[in-house]
Every structure is written in C-alpha cells, then in structure tokens.
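Because the structure is predicted, anything quoted here is derived from the model rather than measured.
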Amino acid sequence: MSQRTAPSGQQWPIRHGDHQAVVVEVGGGLRSYQVGDRQVLDGYDVTAMADGARCQTLVPWPNRVQDGVWHHDGTAMQLTLTEPEQRNAIHGLVRWAAWTAVERSDAAVTVSCRSYPQPGYPFAIEVSNAWSLSDTGLEVVTTIVNRGGAPAPVACGFHPYITAGTPTVDTATLHLPAASYLPTGAQQIPTGRESVAGTPYDFREPHPIGDLQIDHTLTDLARDADGRFRLRLTGEREVTVWMDEAYPYVEVFSGDALPDPARRRQGLGIEPMSAPPNALVTGESVVWLAPDQSWRGTWGIEPIAAG
C-alpha cells in the first residue's frame with residue numbers, strides 16, 4: 001500500500017522547550033506554531049492545503065501584479081493570472097513549489113527552492129528559508145540568490161496569520177506604529193500613499209480592532225534602536241511580529257475575503273513585504289540582483305504572556 005502524501009508535502013517539525021513549529025515542503029512555509037498548548041499561528045491541518053496563503057513564501061514578488069503584466073527592456077512580460085477573479089498575478093512563483101530540506105537540527109531547519117525561467121519571469125533564482133526556534137520565539141532568515149546570467153528583479157514577502165487567543169480578531173488590541181498606508185482602487189492595486197492620521201488604519205496608539213475590515217499595505221514604519229519594526233497583537237496573550245530593515249512594508253489582512261466563512265477573522269494576517277503591491281510594474285523597492293548576487297531579510301514572532 002503506497003504512503004499517502006500530505007497536501008503540504010513533507011513535514012519538518014522543530015522544537016525548543018515549549019515552542020513547537022512545523023515547516024512544510026510545499027511553499028517552504030510554516031504550517032503551525034504553538035507554545036505549550038497555546039496556538040500562536042492561525043495555521044492549517046496536516047490534511048489540508050494552505051488556504052489564504054497561510055504563512056507561504058511570496059517570491060519573487062509579494063501581493064499583486066495588475067493584469068499580470070510588467071515591462072522589461074521595452075518588452076511586455078505576461079505572468080499567469082493566479083487571481084483570475086481580479087485579473088492579477090498574486091504572491092509570486094514559489095508558494096506551491098516543492099522545497100528541499102538542506103540542513104536540520106532539533107530547533108531549526110533550512111529549506112531551499114529553485115525557480116527556473118518561465119513565461120513572464122525569465123530568470124533563475126534560488127530561495128532559502130532558515131526557520132529556527134529559541135527562548136524568545138521564532139525567526140526566519142530568507143536569502144534569494146540570482147542563479148542566472150542576467151540581472152533579476154526580486155522582492156519577498158510572507159503571509160502568516162497571528163492569533164492572540166481571542167475567538168476572533170475583533171476583541172484583540174493592535175499596536176501598529178506605521179505612519180502611512182496605501183489606498184487601493186480596482187483590482188486592489190495601490191492608488192497612492194496617504195497618512196493614517198484620521199483614518200481607521202491608525203493604530204499608532206494601541207486599540208481594539210473591532211469590526212474593521214482591512215486589507216491594506218502600511219509603510220513609514222517606526223523602528224526601534226535595533227532597526228526592527230515591531231507590531232503587537234494583544235488578547236489573552238501578547239504576540240509581537242518583528243521585521244528587519246529589509247522589509248519596509250507590512251500588509252494587514254483581517255481575513256474577511258477568505259473563501260471559507262469559518263476561517264474569516266480567526267487570525268490577523270501580518271505580512272512582511274520588501275516591496276509594495278504592483279512593484280514589478282512600478283519598480284518601487286524592487287531589487288535587481290546581478291548574477292550570483294544575493295538579497296537577505298529576517299523577520300520573526302515573539303509570543304509572551306499578556307501583562
């Protein structure tokens with residue numbers, strides 16, 4: 001009798017003390033993360049696919065490319081429309097690819113994937129995620145290397161959903177020290193940059209999320225002395241999501257648009273992004289890697305008991 005394959009492929013559990021997480025083959029992402037019996041990640045079961053891009057790797061672009069079209073050296077590049085209902089190419093090329101574990105220990109695993117030239121993105125890149133647990137929480141270091149012979153445009157993002165132990169995100173308190181947000185128009189493509197002051201998206205002072213529906217990118221992030229931006233979600237406990245200076249944008253998603261009503265608003269999507277939506281079109285914050293050149297970014301989650 002053949003062994004059945006989980007929808008997310010091989011499972012690579014890691015553990016440090018009470019911290020437990022499972023990294024998966026499909027997408028090189030994170031399926032679950034808990035401390036003791038407390039869930040930190042609103043993840044998905046081993047019998048399920050990653051709905052809503054749950055903690056998948058978003059490379060070589062996060063978020064959307066309008067109509068899946070961008071231009072390179074005067075030539076229109078047509079990407080596959082992976083969000084057909086809005087005619088967008090969404091979340092890059094490696095989120096459904098098979099990744100390989102290249103290094104493992106009890107508390108850490110490094111997984112890697114190579115994306116080859118294809119229609120709309122004729123570049124070869126290699127992506128690795130080094131996932132690790134420690135006393136303070138979870139960290140992931142992502143490296144993107146250009147394995148081709150010509151400069152390649154890259155950006156990176158992740159799509160975790162965080163829970164602070166509340167039944168829905170409504171009663172959780174959010175502290176998000178970002179001064180600007182990107183309003184969107186048709187196809188959820190940004191139309192500019194505006195101050196959060198006087199808008200529902202101003203969480204520079206912590207307050208409950210309530211019934212706010214949000215699926216926006218925020219930027220002009222306030223950083224601590226160590227260069228990290230820290231966002232805090234507080235409910236029965238406090239969860240901090242942090243990101244280094246390689247990630248100058250964060251998408252916040254309350255989950256209202258998820259196809260399964262039972263999954264909506266169960267966790268808050270907190271998405272580190274190195275570039276904003278539609279970046280391949282605008283060029284904003286896209287990094288062009290020379291052959292063999294690399295890009296690196298780090299983010300993590302620190303769960304602590306609420307004070």
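Judged by distance alone, the side chain of T57 and the main-chain N or O of G27 form a donor-acceptor pair under 3.5 Å. In this structure, D224 contributes its side chain and D226 its backbone to no donor-acceptor pair below 3.5 Å. Remark: the backbone N or O of C156 is paired with a side-chain donor or acceptor of S274 at under 3.5 angstrom. The backbone N or O of A124 lies less than 3.5 Å from no partner atom in the side chain of R147, so there is not a single donor-acceptor pair. Side-chain N or O atoms of H207 include one that pairs as donor or acceptor with a backbone N or O of E205 at under 3.5 Å. Side chain of R15 to backbone of G17: a donor-acceptor contact under 3.5 angstrom is found. Within the 3.5 Å criterion, the main-chain N or O of I214 finds a donor-acceptor partner in the side chain of S254. The backbone N or O of I189 sits nowhere less than 3.5 Å from a side-chain atom of N278 that would complete a donor-acceptor pair.
To the nearest 0.5 Å, atoms OH (Y161) and CG (D42) are separated by 8.5 Å. Between atom CZ of residue R228 and atom CE of residue M243 there is a gap of 11.0 Å, rounded to the nearest 0.5 Å. Atom-to-atom distance recorded for D220:CG and R193:CZ is 5.0 Å, nearest 0.5 angstrom. To the nearest 0.5 Å, the span separating CD on E238 from OG1 on T240 amounts to 4.5 Å. To the nearest 0.5 Å, atoms OG1 (T142) and CG (N129) are separated by 4.0 Å.
Taking both residues in full, the closest heavy atoms of S285 and P276 are given as CB-CD, 4.1 Å, listed atom of the first, atom of the second, then distance. The two atoms that bring G36 and Q34 nearest to each other are O-NE2, 2.9 Å, heavy atoms only. Summarising the geometry of Q39 relative to T163, their closest heavy-atom pair is O-CG2, 3.4 Å, with the distance given to 0.1 Å. Contact between G9 and E25 at its shortest, heavy atoms only, is CA-OE1, 3.4 Å. Heavy-atom minimum distance, S180 versus V196: C-CG1, 3.7 Å. Closest heavy-atom contact between P62 and A155: CD-CB, 3.7 Å.
The aromatic rings of F158 and W131 lie perpendicular to each other, with more than 60° between the two planes, well past the 30° mark. Between W70 and F123, the ring planes are tilted. Angles from 30° to 60° get that label. Using bins of under 30°, 30° to 60° and over 60° for the plane-to-plane angle, the ring pair Y201/H216 lands in the tilted bin.
A side chain to side chain contact (heavy atoms under 4.5 Å, CB included) with E251 holds for exactly one of L218, L58, L182, T217; it is T217.
Two residues are said to be in side-chain contact when any heavy atoms from C-beta on lie closer than 4.5 Å; V252 and Y181 fail this criterion. For the pair D51 and P259, the minimum side-chain heavy-atom distance is 4.5 Å or more. Proximity of L30 to L138: side-chain heavy atoms (C-beta onward) are separated by under 4.5 Å at one or more points. Considering only heavy atoms from C-beta on, Y33 comes within 4.5 Å of P303 through its side chain. V65 places a side-chain heavy atom less than 4.5 Å from the side chain of V281. Side-chain contact between I209 and L233 is present, with at least one heavy-atom pair separated by less than 4.5 Å. The shortest distance between side-chain heavy atoms of L41 and P160 falls below 4.5 Å. Between R64 and Q187, every side-chain heavy-atom pair lies at or beyond the 4.5 Å cut-off.
Salt-bridge annotation for D18 and R38: absent, with no side-chain N of the basic residue lying under 4.0 Å from a carboxylate O of the acidic one. Ion pairing of R265 with D256 is present here, as a side-chain N (NZ or NE/NH1/NH2) and a carboxylate O approach within less than 4.0 Å.
At most 12 heavy atoms of other shown residues, nucleotides or ligands fall within 6.0 angstrom of atom CZ in R296. Counting non-hydrogen atoms of other residues, nucleotides and ligands closer than 6.0 Å to CG of D106 gives a total of 12 or fewer. Counting heavy atoms of neighbouring residues, nucleotides and ligands inside a 6.0 Å radius, atom CG of D170 exceeds 12 of them.
In the model, D135 has a side-chain atom that pairs as donor or acceptor with a side-chain atom of H16 under 3.5 Å. Residues S112 and E126 have side chains that bring a donor and an acceptor to within less than 3.5 angstrom of each other. No side-chain donor-acceptor contact under 3.5 Å links N63 and E271. For the residue pair Q11/R31, the side-chain donor-acceptor check at 3.5 Å is satisfied. Side-chain contact, T82 with T80: no donor N or O sits under 3.5 Å from an acceptor N or O.
I90 is not connected to V127 by any chain of hydrophobic side-chain contacts under 4.5 Å among Ile, Leu, Val, Met, Phe, Trp and Tyr, and they are in different clusters. Following chains of ILVMFWY side-chain contacts shorter than 4.5 Å, one cannot reach F229 starting from W242, and the two form parts of different hydrophobic clusters. The hydrophobic clustering, which links ILVMFWY residues whose side-chain heavy atoms are closer than 4.5 Å, places I144 and W288 together. V145 and V287 end up in different hydrophobic clusters when Ile, Leu, Val, Met, Phe, Trp and Tyr side chains are linked at under 4.5 Å. Under the 4.5 Å side-chain heavy-atom criterion for grouping Ile, Leu, Val, Met, Phe, Trp and Tyr, L221 is connected to V239 within one hydrophobic cluster.
Applying the 4.5 Å side-chain rule to ILVMFWY residues, one finds M273 in the same cluster as Y249.
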Applying side-chain contact (heavy atoms from CB on, under 4.5 Å), run through V69 and Q78 and close with a yes or a no.
-> CA-CA 5 Å; V69 177; Q78 178 66 65; 3.0 Å; yes
